[in-house]
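Presented below is the structure to which this report refers.
Note that these values count all heavy atoms, side chains included, but never hydrogens, waters or copies made by symmetry.
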Amino acid sequence: MEAALKNPNSVSKTITCKFCERLFEYEPVLFNGREMFPLVSCFECTALESEKAEEADRERKHKDLLLSWEKIIIADIYNETDPSHSSINPIAARLCLQWKFERRGKGLGLVGKTGIGKTRCLHLALKQAHLAGHSCFAVRHTTFADAVEASYSDDKQERARAADVIRLARFCDVLLMDDLGKARATPSRDEAIEDLIERRTGCGRPILWSANSGGEWLIQRFGPDRGPAIVRRLAEFCVIPNLPR
Ligand SMILES: [Zn+2]
C-alpha cells in the first residue's frame with residue numbers, strides 16, 4: 001500500500017544518521033539532477049538537535065541579559081536582592097515582584113524613610129523587566145541632575161556622556177529614578193526632571209522611583225511652579241503604597 005502511494009519518478013536515498021547512526025531513508029530534493037540540502041541526520045535527530053540549539057540559544061541570551069544587567073544597576077549591591085531579607089519592607093518587596101512592564105501601564109513610587117530597602121525593591125522590578133527583554137535604565141536623581149548640567153559643558157566628551165544619560169532616561173522602556181528630590185535645586189535641573197516625568201508619563205513609559213518623603217515635601221522641594229504638576233503626574237501614573245515614613 002505504501003509503495004503504491006510513492007511517486008513513481010522519485011528516487012529514495014539511504015544515509016546513516018550522524019547522531020543515532022541508524023539507516024535512514026528519505027526522498028532527496030533534486031534540482032537539475034543535483035540534490036539540494038542533503039540530509040545528514042534522521043528527522044527525529046534533526047528535530048532534537050534544533051531543540052537543543054534553541055535551548056542553548058535561550059541560555060546564552062539569558063546569560064547575556066544577566067551580564068548587561070550588571071551595567072544597568074545603580075551600584076553593585078543591587079545586583080542580587082533577597083526580597084525576604086529582614087531589612088526589606090515586605091509590602092514594597094511584594095509590589096515590586098508583582099510589577100510587570102506594560103506600555104501605558106503604571107509605574108511604582110516608593111516613598112518612605114531610608115533603610116527599608118526601597119532602591120533594592122525597585123531593582124527587583126527593574127530586573128524582571130530587563131530579563132523580559134525591555135530596555136531599562138537606572139539613575140539617581142543627583143546623577144541625572146549632574147548630567148543636565150554637564151550637557152552645557154565645554155568638554156565635548158562630557159557633553160556626550162550627559163546626552164547619553166538624558167536620552168536613556170527619556171527613551172528606555174522602564175526608568176528607575178532613585179532618590180527623587182535629592183538633587184540640589186536649580187531652575188534648569190528642576191525643569192529637566194519635570195520635562196522627563198511629563199514626557200515619560202505622556203507616552204506611557206513607566207517610572208519606578210523612590211523618595212524619602214511624600215507629596216507635600218516634593219511640592220516644597222520643586223516649588224509652586226513645578227511641584228504640584230510633578231506630584232500630580234507621579235500620583236496619576238504610579239502606584240504608591242503606604243510605607244513607613
Ligand atoms: Zn538519528
Side-chain angles (χ1 to χ4, degrees), residues 65-81 92 96 99 101 103 105-112 114 116-153 155 157-213 217-218 221-222 226 230-231 233-234 237-240:
L65 280 169
L66 285 176
L67 281 177
S68 50
W69 169 245
E70 289 172 16
K71 291 179 194 148
I72 292 173
I73 50 182
I74 284 184
D76 286 348
I77 53 161
Y78 302 121
N79 193 1
E80 294 272 7
T81 289
C96 286
W99 186 83
F101 167 79
R103 174 78 61 199
K106 285 198 170 190
L108 277 177
L110 299 186
V111 177
T114 42
I116 58 168
K118 297 188 300 287
T119 310
R120 279 182 187 277
C121 287
L122 293 176
H123 275 84
L124 287 172
L126 192 73
K127 188 174 189 175
Q128 293 191 135
H130 173 71
L131 293 182
H134 305 295
S135 62
C136 296
F137 185 58
V139 68
R140 292 189 173 103
H141 181 196
T142 46
T143 310
F144 178 78
D146 288 346
V148 171
E149 215 139 276
S151 64
Y152 302 103
S153 162
D155 183 317
Q157 273 190 330
E158 213 173 288
R159 265 202 324 268
R161 269 199 301 274
D164 278 347
V165 170
I166 294 167
R167 186 175 44 78
L168 282 166
R170 265 185 203 165
F171 297 114
C172 64
D173 290 332
V174 188
L175 171 68
L176 191 163
M177 172 69 68
D178 194 35
D179 259 335
L180 182 63
K182 198 162 185 192
R184 190 168 47 81
T186 72
S188 65
R189 289 160 156 238
D190 289 358
E191 187 188 340
I193 195 93
E194 183 186 11
D195 175 67
L196 177 72
I197 291 169
E198 251 181 48
R199 279 171 188 256
R200 292 198 60 96
T201 52
C203 58
R205 296 197 181 103
I207 307 172
L208 311 171
W209 56 278
S210 74
N212 285 344
S213 297
W217 178 78
L218 283 171
R221 158 66 184 78
F222 287 104
R226 299 199 169 88
I230 288 176
V231 169
R233 287 263 174 178
L234 291 175
F237 292 97
C238 303
V239 172
I240 306 172

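For the salt bridge (charged side-chain N to carboxylate O under 4.0 Å, His left out) condition, the pairs that include at least one residue of residues 198-210, sequence neighbours left out, are Asp195-Arg199.
Counting only distance, with no hydrogens or angles, the side chain of Lys127 and the backbone of Asn79 share a donor-acceptor pair below 3.5 Å. In terms of modelled atom types and a separation under 3.5 Å, the side chain of Trp99 and the main chain of Lys106 share a donor-acceptor contact. Side-chain N or O atoms of Arg189 include one that pairs as donor or acceptor with a backbone N or O of Arg184 at under 3.5 Å. In this structure, the side chain of Arg159 does not engage the main chain of Ser151 through any donor-acceptor pair within 3.5 Å. Distance alone, capped at 3.5 Å, places no donor-acceptor pair between the Asp179 side chain and the Lys182 backbone. Put simply, the side chain of His141 never gets that close to the backbone of Met177: no donor and acceptor are under 3.5 Å apart. Side-chain N or O atoms of Asp173 include one that pairs as donor or acceptor with a backbone N or O of Ser135 at under 3.5 Å. The backbone N or O of Ile197 lies less than 3.5 Å from a partner atom in the side chain of Thr201, making a donor-acceptor pair.
The two residues Ile207 and Cys238 come nearest to each other via the heavy atoms O-SG, 4.0 Å. Closest approach of Gly204 to Pro206, counting heavy atoms only: O-CD, 3.4 Å. The two residues Trp217 and Gly181 make their nearest non-hydrogen contact at CH2-O, 3.6 Å. Taking each heavy atom of Ala169 and Phe144 in turn, the nearest pair found is CB-CE1, 3.9 Å. Contact record, Ala183 with Ala145: CB-CB, 3.5 Å, taken as the closest heavy-atom pair.
The pair Arg161-Asp164 does not count as a salt bridge, with every side-chain nitrogen at least 4.0 angstrom from each carboxylate oxygen.
Shown here is Asp155, whose CG atom has more than 12 heavy atoms of other residues, nucleotides or ligands within 6.0 Å.
To the nearest 0.5 Å, atoms CG (Leu110) and SG (Cys96) are separated by 5.0 Å.
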Side-chain donor-acceptor pairs of residues 116-125 under 3.5 Å, sequence neighbours excluded:
| unit_1 | atom_1 | unit_2 | atom_2 | d |
| --- | --- | --- | --- | --- |
| Lys118 | NZ | Gly112 | O | 2.7 |
| Lys118 | NZ | Lys113 | O | 3.1 |
| Lys118 | NZ | Asn212 | OD1 | 3.2 |
| Thr119 | OG1 | Asp178 | OD1 | 2.7 |
| Thr119 | OG1 | Asp178 | OD2 | 3.3 |
| Arg120 | NH1 | Ile77 | O | 3.3 |
| His123 | ND1 | Thr119 | O | 2.8 |
| His123 | NE2 | Ile74 | N | 3.3 |

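With sequence neighbours left out, the side chain to side chain contact (heavy atoms under 4.5 Å, CB included) criterion links Val231 to Leu218, Ile219.
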